[in-house]
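Before any comments, here is the structure.
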Amino acid sequence: MSGQIGWTIGWTSLQVVTLLLVAPLIQGTIKKIKARLQNRIGPSVLQPYYDLMKYMKKDAVVSGHASWLTVATPYIVFIAILTAGLLVPTFMANTPLGFVGDMILIVYLFGLARFFTALTALDAGSSFGGMGSSREMALSAIAEPALLLAAFAVFLSGGTTKLHQLIQVLATHGWNWIEPSYVLAFLAMFIVVIAETGRIPVDNPDTHLELTMIHEGMLLEYSGRYLGLMMWAAQIKQLLILSLFINLFFPWGIAVDWNVSGIFLSFLLYLIKLVGLGIGLAFIETLYAKIRIFIVPKLLVSSMILSLLAILVRVVE
Amino acid sequence: MEGLDLDSLLFGASFVFFLLGGFGAIAASRNPRIANFVAHSGAFLGGLAGAFAAIRVLLHQNTISISAWHVVSDVAFTFRVDSLSAFFLLVLSVLSVAVSLYSTGYVTEYYGKKNVGLLGAGFNLFLLSMVAVVTVDNGFSFLLAWELMSLVSFFLVMLEHEKPEVRKAGFVYVVMTHFGTVFLILSFLTLFFFAGSFEFTAFQQVSPQLSASLKNLIFLMALIGFGTKAGMIPLHIWLPRAHPAAPSHVSALMSAVMIKTAIYGLLRISFDFLGGGPAWWGAVVLCFGVISALVGILYGVAENDMKRFLAYSSAENMGIIFMGIGTSMLFYAYHHSVLGALALTAALYHVMNHAIFKGLLFMGAGAVLYATHTKNVNQLGGLIRRMPWTAGLFLIGGIALSALPPFNGFISEWATFQSLLHLAFDMENSSWKMIGGLSVAALGLTGAFVAGGIVKHFGTAFLAMPRTKNAEEAREVPVPMRLGMIILASGSLVLGIWPGIALRVTEDIVAGYFDTKITGNVIFYVPFAGLTGEALSLGAVLLAFLALLLLSLVFLRIWVGKSRNQIDETWNCGGPLQPSMEYTGTSYSHPVLMIFKWLYRPRRQVQVRGEYVYYPKRIHHRLQVHSVIESNLYRPLVHIAVFLSQRVRSIQSGNLQSYLAYMIATLILLLLWVR
C-alpha cells in the first residue's frame, strides 16, 4: 500500500515537472520558429524561462480598487491548469489522476481557470479588462463545445471518455489515414487548438494594449509574481492542448506500460511531435493575419460542423 | 391514521408545523416581529420534520401511508410517501429549512409596508401545498393541491402589486399556470375515465389495458401541463416575469422547488402510471430539454436584472433535467437498463443540485436587493468589499451553477454528459447516435454560456467600483440571511465532493424503474456502478489541487521569498478611473448579442448630446432585445384570443330580456338533447 502511494506520488511529480519545464520551452520554440520565418533572429528559445524567473522575483503592483480575487486568482488558475495536467496523457498513455477523471473534467478544469481569469479581469474596474473578459467568455462559449465535440468524434471509437483507455485503443490499433471521420475530426480539432491556445488568426499572443487582444486584455492589471503565474499557466494550458491533440491523432510510439527504454523513446517522440506541431502553428501565424473578432465564431462553428460530420460518418459506417 | 410509527409522526408533524406557522402568523399579524418569528419558525420546524421523515423513508426503503380525510369515496386526501415522493419531499424540506432561516432577516424589509402575518401565512401555505403535491395518492387531491400551490404562489408574486410590472407578471403567471392546469386536468380525467377511480393505484392498474394512442395522448397532455410549470421553452414566458416579481425568499422557493414538482409529476405519469413508453417520448422530452437549455440561457445572458437572469437560468436547468429524463426514457424503451438508470440518476441529481444552488443564488440576489434596493447590475458594483459574505456565497452558487468543479453542479452535468455520450456510443440506431452527439454539443454550449452569465453578473455587481450611491452605501445583510445561504453553500460543496451521499437518496427510485442500482461509496469515490471505468471523484481531484497549491506556495516562498505587493491605482491610460468607465452588464454581453443577432434581434439607439459628435457631453444608449418566441408565437395567440372574445362580447348586451332568452334557448336545447 505504501509502495503504491509512493509510486503514485513519484509518477505525479514526474508529470508535473515535465509540464512545468516543457511548457516554456514549447512557447520559446514556437516564437523562435516564427521569428526565423519572418526573417528575424528572434529571442532565444530559453527566453520564456528568463521571463518567468524575472516575473517571479519582481514586486507586484496591485490596484487599490481590486479585491482578494486579484491575489487569489493566479494561484487558482495555475493550480487548476496543473491539476488538469494530471489528467492529460503526455508521454505515457496513463495519467496520474486518470482513474478519477476524464475528458469532461479536463474541459471543466480549463473552464474553472477561465472563469476566474475572466472574473478577475473585471476586478480592477479597467475597461480593458472588461473588454478582454467579455470577449473571452463569448468566444469560449463556442470554443468549449467545439473542443468537446472534436474530442468526442474520436472518442466514439473507444466508447469511453477516459483518455488513457482511449489512447491505448488508438495506440494499439494504429493510425488509419484513410478513415474519413478521423480526417474530419483532425481538421475540427486543429481549429480548436488554434483558438484554445490563443494564437493568430483567433487571438494574438504577442500584443499588448491593442483592442484586438483577448487573453492579454484580461491580464493587464497583473504584474510581478501574479503575472508570472498567469503566463506560466497559459503556457502549460497550451502544452496540454497540444498534448491532447498529439495523443488523439498521432499516438504512435506512446509508452503504454512501464518500461524504461520505452518511456525514454516515447518522451523523445513526444518532444519531436510537439516541435513539429509548433512549426505548423508558427507557419499558420506567419501566413495569416488576425481575423475580426466576429468572424471567429464562424471559424469555430465550422469546426463544430466538421466534428458533427465526423460523428455522422462514424455513425453511418 | 393507520399506523402511528415514527415516520408517519414526523411527516404529520411537518404538516402541523406548517399549519401552526401559517395560522400563528395571521393571529400575530398586528405585530410584524412576532408574526415573522412564528411564521418562519413554523416553516423551519416543518422543514426539519419533513426532511427527517423523507430521509427515514429513503434509507429504510419503507413507505408512509396516511389516509387523512375521506370526503367521498373517490375524493380522498390520502398521503403515500414512496421513494420518489420522499426524494422530492427531502429537497423541499431542506430548502424550506434554509429559506425560512433566511426569510426571518429578509422579511424585516416589509415591516410597516406589508402585512407580514399574511406574507408568512402564504409562505407556510405555499410549502404545505407543495408537500401535498408530492405526497398525495389520489388524482383529485393532486389537482387540488396543484391548484392551491399555483394560487398561493400567485398571491405571493403579487405581494408588491402597487408596481405595474408586478401586476403584469402576476397576470401572465396566472394565465399560463391555468393553461398548464387545463392539460393536467384533461390528462388525469382521461385516466379517471378508464380507471374508474382517482386513486393512483387504479391508474397504475389500468394503464396496461390502454391503447398506445391513448397513452400517447395522456403523455403529451401531461408533458404540456407539467412543461408549463417547469418553464419549458416555449411555455416559459411566465417564468422570467414571475420569479423576479416575487419577494426573493419566495422566488428562491419557486425556482428551487415549485418548478421541480413538474418533474415529479412527469416521472409519476410517464414511469409509474404509463409504465414507460415508446422511444419517441424520450426523444420529444430530450429535444424540449435541449431547446429549453440553449434558448433559456441565451436569453438569460442578455439580461441585466439579476433575478431575471437567474429565472432564465432556471428554464435552462430544467432543460438539462429534461435532457436526463428524455435520455432515460429512450434507454428504457430500448431496455438498456444500466444506461437508463444512469440518465435518470443524472436527472434526479440535477433536481437536487439545482434546488440547492438556485436557492442559494436567489437568496444572494435577494441579499443584494435587500442591501441596495436594486436588481439591475448596471447600478451596482464593488459590493465584494461591503458585503463579503454575500459575495463569497454568491460566488460559490455561481461556480456550482456554471457546473465547474468542485461543486455539485459539475457531477450532475457530468452524468448527463455521460448518458448523452452513451446514446452516441451504445445505441444501435444511427439517428439516436446523431441526436446524442448534437445534444452533447448543446449541453457544452449551455454550460459555457452560464459561466459567461455568472461572470457578467458577479463581476458587474460585486467587483470594481460602485456606480451608484445605493451600491456605495450597501451594508452586509443580517446573520440569519447569511446562515440560510451558508447552509446551501456547504450543501453544494458536500454534494460535489461526496456524490455517494446523493446516490443513497436516488438509488431506490432508479432501482424501482430499472432494476439496477446506481450507487457509490459515500466517502470518496463514485464508480457509477455498471459502466466499467466511468469513474469520477472530485474529492480526489480537490485533494490533488490542494496538495499542488500547498507545494507551489512553499516552493515559491523558498525560491523567491515572500510576495511583496504595492497598492496603486488601476492603470487607465494616464487619467483617473471613474466608475462610469467600467464595463457594464450591457457592454459585457454585447459580443454575445452580436454573435447571436439572429436570435436576439437587438434594437440599438444611440443619442449623442453635445456640440461635437467626437466630444459628446452625454451619450444616451439604449439596447433592446427582442423575444422571437413572444412576438411570433404568443402575440398572434393573444390577438386571436382578443378577437374571439370580441365576437363573444356581442352576445353580452347587458339587457336582462336577452339573457332570459339565452336561458330559455339553452333549456330547450338541453331538453331536446336529453329527450
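Note on naming: letters A, B, ... go to the chains in the order of the sequence lines (proteins, then strands), and numbering restarts at 1 for each one.
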Subject >> Pairs touching residues 218-231 of chain A that satisfy side chain to side chain donor-acceptor pair (under 3.5 Å), sequence neighbours left out >> reply: A/Y226-B/N565
**OP:** Please name the pair of heavy atoms, one in B/A424 and one in A/L156, separated by the smallest distance, quoted to 0.1 Å.
**Re:** O-CD2, 3.6 Å
Original post:
Going through the distances and angles, do B/I399 and A/L112 end up as a side-chain contact (heavy atoms from CB on, under 4.5 Å)?
Top reply: CA-CA 8 Å; B/I399 298 173; A/L112 184 72; 4.2 Å; yes
Subject >> Proximity breakdown for A/V107 and chain B, heavy-atom pairs closer than 4.5 Å >> reply: neither
Original post:
Of all heavy-atom pairs between B/L404 and A/G111, which one has the smallest distance, and what is that distance?
Top reply: CD2-C, 3.7 Å
**OP:** Would you mind telling me which of A/K57, A/M137, A/H65, A/M304 has the largest number of heavy-atom pairs within less than 4.5 Å of chain B?
**Re:** A/H65
**OP:** Mind ranking A/S133, A/S307, A/G129, A/G101 by heavy-atom pairs under 4.5 Å with chain B and telling me who comes out on top?
**Re:** A/S133
Original post:
Which pair of heavy atoms, one from B/P405 and one from A/L109, lies closest together, and at what distance?
Top reply: CG-CD2, 3.9 Å
**OP:** Could you check which of A/A138, A/A146, A/G224, A/S140 has the highest count of heavy-atom pairs closer than 4.5 Å to chain B?
**Re:** A/A138
Subject >> Separation of B/W414 CH2 from A/T161 OG1 (nearest 0.5 Å) >> reply: 6.5 Å
**OP:** Quick one: pull up CD1 in B/I595 and CG in A/L139 and give me the separation to the nearest 0.5 Å.
**Re:** 5.5 Å
Original post:
Any idea which of B/A441, B/G398, B/P406 has the most non-hydrogen atom pairs under 4.5 angstrom with chain A?
Top reply: B/A441
Original post:
Which bit of B/M465 is near chain A, if near means a heavy-atom gap under 4.5 Å: side chain, backbone, both or neither?
Top reply: side chain
**OP:** Give, as side chain, backbone, both or neither, the part of B/I384 having an atom under 4.5 angstrom from any heavy atom of chain A.
**Re:** side chain
Subject >> Nearest atoms (heavy-atom pairs only) where B/L445 meets A/P145 >> reply: CD1-CG, 3.3 Å
Original post:
Could you give the distance from CG (B/L395) to CG (A/L69), rounded to the nearest 0.5 Å?
Top reply: 6.5 Å
**OP:** Go through B/F410, B/F449, B/F458 and name the one with the most non-hydrogen pairs under 4.5 angstrom from chain A.
**Re:** B/F410
Subject >> Proximity breakdown for A/Y108 and chain B, heavy-atom pairs closer than 4.5 Å >> reply: both
Original post:
Which one of A/L86, A/L97, A/I142, A/L105 has the most heavy-atom pairs closer than 4.5 Å to chain B?
Top reply: A/L105
Original post:
Top residue by heavy-atom pair count (under 4.5 Å) with chain A, among B/P388, B/A544, B/A403?
Top reply: B/A403
**OP:** Measure the spacing between OG of B/S552 and CZ of A/F78 and express it to the nearest 0.5 Å.
**Re:** 6.5 Å
Original post:
Got B/L421 and A/I104 here, is their nearest side-chain heavy-atom distance under 4.5 Å?
Top reply: yes
Original post:
In terms of heavy-atom pairs under 4.5 Å with chain B, which of A/V71, A/I79, A/T83 leads?
Top reply: A/I79
Original post:
Do B/T460 and A/L122 have side-chain heavy atoms sitting under 4.5 Å apart?
Top reply: no
**OP:** Using non-hydrogen atoms and a 4.5 Å limit, figure out which bit of B/V541 sits close to chain A: side chain, backbone, both or neither.
**Re:** both
**OP:** Please look at B/A547 and chain A and tell me whether the side chain, the backbone, both or neither of the residue comes under 4.5 angstrom of a heavy atom of that chain.
**Re:** neither
Original post:
Counting only heavy atoms not in B/W389, do more than 12 fall under 6.0 Å of its CH2?
Top reply: no
Original post:
Among B/S589, B/G452, B/A451, who wins on heavy-atom pairs under 4.5 Å with chain A?
Top reply: B/A451
Subject >> Under 4.5 Å from any heavy atom of chain A - which part of B/L549 >> reply: both
**OP:** Give the minimum heavy-atom separation between B/F425 and A/T160, together with the two atoms involved.
**Re:** CE1-N, 3.5 Å
Original post:
Given a strict heavy-atom distance threshold of 4.5 Å, which part of B/K597 is in contact with chain A: side chain, backbone, both, or neither?
Top reply: neither
**OP:** Verify side-chain contact (heavy atoms from CB on, under 4.5 Å) between B/Q418 and A/D102, making sure each step is shown before the conclusion.
**Re:** CA-CA 11 Å; B/Q418 286 292 341; A/D102 57 1; 3.1 Å; yes
Original post:
Looking at A/A80, A/A153, A/G125, which makes the most heavy-atom pairs under 4.5 Å with chain B?
Top reply: A/G125
Original post:
Taking B/D568, B/V592, B/L551 one by one, which has the highest count of heavy-atom pairs under 4.5 Å against chain A?
Top reply: B/D568
Original post:
Between A/F152 and B/F417, what is the ring plane arrangement, given parallel below 30°, perpendicular above 60°, and tilted in between?
Top reply: tilted
Subject >> Shortest non-hydrogen contact from B/S587 toward A/S134 >> reply: O-OG, 4.2 Å
Subject >> Segment of B/Y588 engaging chain A (4.5 angstrom heavy-atom cut-off) >> reply: both
Original post:
For B/L556, is it the side chain, the backbone, both or neither that has a heavy atom under 4.5 Å from a heavy atom of chain A?
Top reply: both
Original post:
Do any pairs count as a salt bridge (charged side-chain N to carboxylate O under 4.0 Å, His left out) and have a residue in residues 105-129 of chain A, sequence neighbours left out, and if so which ones?
Top reply: A/R114-A/E136, A/R114-A/E144, A/R114-A/E196
**OP:** For each of B/R385, B/M594, B/K433, B/E582, tally heavy-atom pairs with chain A at distances under 4.5 Å, and name the one with the top tally.
**Re:** B/R385
Subject >> Side-chain donor or acceptor of B/T570 paired with backbone N/O of A/A124 under 3.5 Å >> reply: yes
Subject >> Which atoms of B/L577 approach chain A - backbone, side chain, both or neither, heavy atom under 4.5 Å >> reply: side chain
